[in-house]
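What's counted below: heavy atoms across the whole structure, side chains too, no hydrogens, waters or symmetry copies. Predicted model only: the values in this text are computed from it and were never measured. Atoms within each ligand, like the ligands themselves, are counted from 1 in listed order.
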Amino acid sequence: MGKKQLRAVLVGCGGISNAWLQANRQIDELEIVGLVDINPSAAEAQKEKYDLADAVTGREMEWVVEQTTPDLVFDCTIPEAHQQVAVTAMEMGCDVLGEKPLAASLASARKIVATMQKTGRTHAVMQNRRYLAGARRMQAFLRAEEIGPLTTLNADFYLGAHFGGFRDRMEHVLLLDMAIHTLDLGRMLVNASPVSVYCKEWNPAGSWYDHDASAVAIFTFDNGVVFTYRGSWCAEGLNTKWESDWRAVGTRGSVTWDGGEEFAVQVVKAGGGFLSELAERPVPHLAQDVILGGHEGQIRAFVQAILNGETPETISTDNFKSLAMVFGAIESAEKDCPVQIETLG
Ligand SMILES: NC(=O)c1ccc[n+]([C@@H]2O[C@H](COP(=O)([O-])OP(=O)(O)OC[C@H]3O[C@@H](n4cnc5c(N)ncnc54)[C@H](O)[C@@H]3O)[C@@H](O)[C@H]2O)c1
């Protein structure tokens with residue numbers, strides 16, 4: 001095992017902290033030196049489960065950070081706590097990788113970004129779906145422009161998800177709790193900044209949710225690409241994958257991706273007729289050195305960026321745009337008209 005080079009305190013020892021603590025076991029340069037939760041037994045339980053005998057545990061992040069002087073804070077708390085955890089951690093001299101969403105509101109996200117600028121610390125967001133092999137293959141294929149420059153991107157997300165908990169009572173449940181993953185992936189594939197959105201939200205007949213669990217949103221980007229998102233957590237049958245079902249259209253062809261490992265490509269071989277003559281193409285596999293692996297991949301990439309003094313891909317100044325797509329869609333649905341997507345400027 002290599003030498004540990006970065007020491008981290010993890011805050012929020014609930015369900016998702018398991019993905020982070022499992023990833024930590026695979027990353028030689030990383031050491032968890034503290035675990036925090038407002039419910040101290042949750043921190044103690046994770047300490048035991050992941051065999052972190054030397055980790056300091058506590059209910060207050062400030063105290064655990066003072067005891068351990070870590071390089072990093074990992075924020076796995078609920079969205080409403082992200083601003084407080086992020087601002088305090090950066091003011092105490094730590095770089096932060098936090099769970100999605102960046103914050104519970106755009107105002108909170110602005111405060112996190114302002115604290116980055118004031119303290120000179122780094123804050124980045126967990127967008128684990130960027131680190132799936134299929135997502136990186138789709139990204140590389142679109143960048144290579146074998147289908148020509150991208151003009152149109154569609155994502156479909158349809159699951160009949162019976163959570164039976166707080167989500168059944170939550171407003172904007174699909175857009176707030178889930179769509180950030182798909183919209184962030186869409187923004188990664190379009191490779192441009194979102195400009196505007198027109199969104200319709202509704203609760204379909206027969207829904208087991210109290211509020212709107214279906215949405216359709218049309219985004220425009222500053223490179224001219226139109227990205228449509230159609231989603232529902234209240235659709236029985238023919239479920240898509242959690243990663244959504246995708247179609248990208250370029251000037252010379254199209255590619256579909258099922259969110260897993262299945263791709264199909266057709267490009268124009270000969271034009272001139274009513275329908276062009278088409279040829280199939282493969283989507284190449286990735287080079288060995290591409291960082292993959294969901295949570296583990298994202299944490300590994302963040303650790304490397306901090307060690308090398310580089311900017312993490314999901315730095316919050318950029319990830320703000322994905323959050324702004326979510327809140328723009330909600331505002332558009334509430335006003336029933338297209339809206340401009342907020343920027344940091
Ligand atoms: N990336 C993904 O795929 C993914 C999946 C699930 C959840 N998440 C995100 O992870 C975050 C946590 O979700 P979860 O499912 O683990 O929730 P959870 O409720 O299971 O766990 C949250 C934990 O944080 C603790 N907590 C809350 N406020 C705190 C504070 N101020 N200080 C210290 N501890 C605090 C709670 O006591 C709880 O133990 C959310 O932002 C959620 O959106 C991401």
Side-chain angles (χ1 to χ4, degrees), residues 8-23 32 34-50 55-65 68 70 73-89 91-92 94 96-105 108-109 112 123-132 135 157 159 161 163-167 169-170 172-185 188 233 241-244 259 293-302 313-314 316 319 322-323 326-327:
V9 165
L10 183 145
V11 187
C13 294
I16 203 61
S17 71
N18 289 296
W20 292 66
L21 293 169
Q22 273 158 20
I32 300 291
L35 293 162
V36 180
D37 201 291
I38 47 174
N39 169 12
S41 62
E44 285 300 328
Q46 294 300 64
K47 174 175 170 156
E48 197 176 324
K49 181 173 174 186
Y50 290 94
V56 175
T57 58
R59 71 166 75 221
E60 275 186 14
M61 184 182 81
E62 290 87 332
W63 183 81
V64 175
V65 168
T68 55
V73 163
F74 291 155
D75 180 5
C76 299
T77 62
I78 55 172
E80 291 68 25
H82 288 180
Q83 180 194 324
Q84 184 253 324
V85 169
V87 168
T88 307
E91 284 178 343
M92 292 183 82
C94 302
V96 182
L97 181 62
E99 259 303 345
K100 67 84 190 162
L102 164 55
S105 67
S108 274
I112 292 173
H123 186 283
V125 179
M126 171 57 70
Q127 296 286 183
N128 40 308
R129 281 174 172 75
R130 287 182 175 233
Y131 291 85
L132 299 174
F157 176 89
L159 278 160
F163 292 104
F166 72 93
R167 289 185 182 84
R169 315 269 88 84
M170 192 175 161
H172 309 294
V173 59
L174 178 77
L175 291 175
L176 270 182
D177 203 48
M178 186 62 215
I180 185 78
H181 285 298
T182 318
L183 301 187
D184 182 69
L185 211 47
M188 177 182 102
W233 250 343
K241 292 189 168 35
W242 284 86
E243 289 72 26
S244 304
H295 273 78
E296 184 190 324
Q298 166 84 81
I299 296 169
R300 196 181 285 284
F302 179 78
E313 179 175 318
T314 61
S316 296
N319 197 257
S322 296
L323 194 67
V326 171
F327 284 107

Tabulate distances under 3.5 Å between N/O atoms of ligand 1 and N/O atoms of the protein, writing both atom names on each line.
| from | atom 1 | to | atom 2 | distance (Å) |
| --- | --- | --- | --- | --- |
| ligand 1 | 1 (N) | E99 | OE1 | 3.0 |
| ligand 1 | 1 (N) | N128 | OD1 | 2.9 |
| ligand 1 | 3 (O) | N128 | ND2 | 3.3 |
| ligand 1 | 16 (O) | G15 | N | 3.3 |
| ligand 1 | 16 (O) | I16 | N | 2.9 |
| ligand 1 | 20 (O) | G15 | N | 3.0 |
| ligand 1 | 34 (N) | I38 | N | 3.4 |
| ligand 1 | 37 (O) | D37 | OD1 | 2.6 |
| ligand 1 | 39 (O) | D37 | OD1 | 3.4 |
| ligand 1 | 39 (O) | D37 | OD2 | 2.6 |
| ligand 1 | 41 (O) | T77 | O | 3.4 |
| ligand 1 | 41 (O) | H82 | NE2 | 3.3 |
| ligand 1 | 41 (O) | K100 | O | 2.9 |
| ligand 1 | 43 (O) | K100 | O | 3.1 |
| ligand 1 | 43 (O) | K100 | NZ | 2.9 |

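With no hydrogens or angles considered, no side-chain donor-acceptor pair links N319 and K100 at under 3.5 Å.
In this structure, the side chain to side chain contact (heavy atoms under 4.5 Å, CB included) partners of P101, at least two apart in sequence or on a different chain, are P79, H82, L323. In terms of the salt bridge (charged side-chain N to carboxylate O under 4.0 Å, His left out) criterion, D75 has no residue partners (sequence neighbours excluded). R167 pairs by the salt bridge (charged side-chain N to carboxylate O under 4.0 Å, His left out) definition with D177, not counting sequence neighbours.
Just one residue in the list Q22, R300, E99 forms a side chain to side chain donor-acceptor pair (under 3.5 Å) with H295, and that residue is E99.
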(message) Run D184 and R130 through salt bridge (Lys or Arg N to Asp or Glu O under 4.0 Å) and show every step you take.
(response) CA-CA 8 Å; D184 182 69; R130 287 182 175 233; 2.6 Å; yes
